[in-house]
Amino acid sequence: MVYRMAEYAGVLLRHYQIPIKQFVVYLGEKESKMQNSLSSKEVISGFNLISLNHYSYKKFLGSQAPEVIVLGILSDFEGRDDKEVSRDIIQRLHDLSLDKVTLEKHIDQLEILSNLRNLNEVVYQTIKDMPFTIDISKSRFYQEGVSQGKELGKELGRELGQEKEKLMMIQRMLREGMEIELIAKISEVSPTFVKKVQEELFSNE
């Protein structure tokens with residue numbers, strides 16, 4: 001419960017930007033042993049900010065991890081042409097001797113990240129021009145159309161890793177019996193969406 005309350009507090013602070021006091025009403029007959037506070041190590045008071053565009057793309061190319069290499073598309077190109085850097089990143093992924101499925105997965109990740117710098121068309125064209133075979137028909141942007149690639153990529157980049165957490169949070173609040181309008185405000189979604197989640201949640205339970 002303490003972690004759930006911390007999550008709610010964060011959402012409420014972001015939405016209303018006012019001091020929050022939280023209360024949990026315990027209805028059990030026996031004495032509660034519920035943890036109601038976080039340790040000092042668990043309290044988040046800030047974070048370290050890392051700006052990828054302050055780092056040379058060469059640092060990312062030097063990695064052996066494909067997940068790190070693709071981040072080079074968001075780094076400092078040091079004045080080099082966008083297509084040249086894109087080619088270097090794709091070639092570096094190929095040089096790791098990844099199996100075909102893994103290579104295509106990381107190329108797909110590269111395409112998604114490229115939209116954060118409006119480089120999706122450059123990366124897409126670079127993939128087509130590379131001498132080795134990559135099945136671009138499996139590309140998200142190929143399937144949706146290059147003309148729609150920028151919009152799709154921005155949505156994916158923004159929502160990646162967030163939508164699942166938001167959905168789980170909405171489900172938890174529904175189970176707690178919170179009102180739909182309040183859940184919608186906290187989650188920054190429409191009441192209609194919350195109602196849809198509610199219908200699907202309780203129809204499966």
Side-chain angles (χ1 to χ4, degrees), residues 3 6-7 10-11 13-14 41-170 187-189:
Y3 299 108
E7 183 178 10
V11 174
L13 282 170
R14 182 181 64 178
K41 293 181 179 180
E42 295 175 305
V43 176
I44 299 174
S45 59
F47 57 87
N48 296 319
L49 180 63
I50 299 176
S51 297
L52 293 183
N53 60 1
H54 291 176
Y55 294 87
S56 169
Y57 73 97
K58 296 177 182 177
K59 289 183 177 293
F60 297 92
L61 289 183
S63 174
Q64 295 297 316
E67 297 85 358
V68 175
I69 294 171
V70 296
L71 290 175
I73 199 68
L74 303 177
S75 63
D76 179 9
F77 290 0
E78 298 183 337
R80 290 195 65 198
D81 180 73
D82 295 343
K83 191 166 186 177
E84 291 180 357
V85 176
S86 299
R87 186 184 300 112
D88 288 348
I89 293 173
I90 296 169
Q91 183 65 55
R92 180 74 181 102
L93 290 171
H94 180 263
D95 292 344
L96 291 179
S97 299
L98 304 172
D99 62 80
K100 185 177 180 180
V101 173
T102 303
L103 175 60
E104 289 176 351
K105 182 187 77 172
H106 292 296
I107 292 297
D108 196 44
Q109 292 174 345
L110 177 64
E111 288 181 304
I112 293 173
L113 292 173
S114 70
N115 279 272
L116 299 176
R117 287 187 59 175
N118 296 319
L119 293 174
N120 60 301
E121 293 185 18
V122 172
V123 169
Y124 180 84
Q125 189 60 47
T126 304
I127 294 170
K128 290 178 63 178
D129 294 343
M130 294 299 281
F132 49 85
T133 302
I134 296 176
D135 187 1
I136 61 172
S137 66
K138 295 181 180 179
S139 163
R140 296 175 190 266
F141 304 116
Y142 182 92
Q143 295 170 359
E144 294 295 328
V146 178
S147 62
Q148 299 175 5
K150 185 180 295 185
E151 181 179 353
L152 173 63
K154 284 182 178 179
E155 291 177 0
L156 290 171
R158 183 172 59 253
E159 296 175 3
L160 188 61
Q162 297 179 1
E163 290 307 309
K164 185 176 180 180
E165 292 181 5
K166 178 178 287 188
L167 178 60
M168 291 174 66
M169 183 179 69
I170 291 173
S187 306
E188 298 181 344
V189 297

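One-based numbering along the sequence shown. The analysis underlying the following values was restricted to heavy atoms, covering all of them including side chains, and did not include hydrogens, waters or symmetry mates.
- Taking 4.5 Å as the limit, every side-chain heavy atom of L96 sits out of range of all side-chain heavy atoms of H106.
- The salt bridge (charged side-chain N to carboxylate O under 4.0 Å, His left out) test applied to E67 returns no partner, not counting sequence neighbours.
- Residues satisfying the salt bridge (charged side-chain N to carboxylate O under 4.0 Å, His left out) criterion with E78, sequence neighbours excluded, are K58.
- R80 is linked by a side-chain contact (heavy atoms from CB on, under 4.5 Å) to Y57, E84, V85, D88, counting only residues two or more places apart in sequence or in another chain.
- Heavy-atom minimum distance, S56 versus S75: C-OG, 4.0 Å.
- The shortest non-hydrogen separation linking S63 to I69 is O-CD1, 3.5 Å.
- With sequence neighbours excluded, no residue forms a side-chain contact (heavy atoms from CB on, under 4.5 Å) with I44.
- Taking CG from L71 and CD from Q109, the interatomic distance works out to 9.0 Å, rounded to the nearest 0.5 Å.
- D76 pairs by the salt bridge (charged side-chain N to carboxylate O under 4.0 Å, His left out) definition with nothing, not counting sequence neighbours.
- In this structure, K100 NZ and I107 CD1 are separated by 13.0 Å, a value rounded to the nearest 0.5 Å.
- Residues passing the side chain to side chain donor-acceptor pair (under 3.5 Å) test with D99 are T102, sequence neighbours excluded.
- Taking D95 as the reference, Q91, R92 meet the side-chain contact (heavy atoms from CB on, under 4.5 Å) condition, with sequence neighbours excluded.
- Not a single salt bridge (charged side-chain N to carboxylate O under 4.0 Å, His left out) links K59 to another residue, sequence neighbours left out.
- Two residues are said to be in side-chain contact when any heavy atoms from C-beta on lie closer than 4.5 Å; L110 and L113 fail this criterion.
- Of the inter-residue distances, the one linking L61 atom CG with L93 atom CG reads 9.0 Å to the nearest 0.5 angstrom.
- Proximity of D129 to K83: side-chain heavy atoms (C-beta onward) are separated by under 4.5 Å at one or more points.
- Atom CD of residue E121 and atom CG of residue N115 lie 9.5 Å apart, to the nearest 0.5 angstrom.
- For the pair F60 and I89, the minimum side-chain heavy-atom distance is 4.5 Å or more.
- In this structure, the side-chain contact (heavy atoms from CB on, under 4.5 Å) partners of E42, at least two apart in sequence or on a different chain, are Y3, Q35, L38, S39.
- R117 and D82 are not joined by a salt bridge, as no carboxylate oxygen comes within less than 4.0 angstrom of a charged side-chain nitrogen.
- Side-chain contact check for I73 versus S86: some heavy-atom pair is nearer than 4.5 Å.
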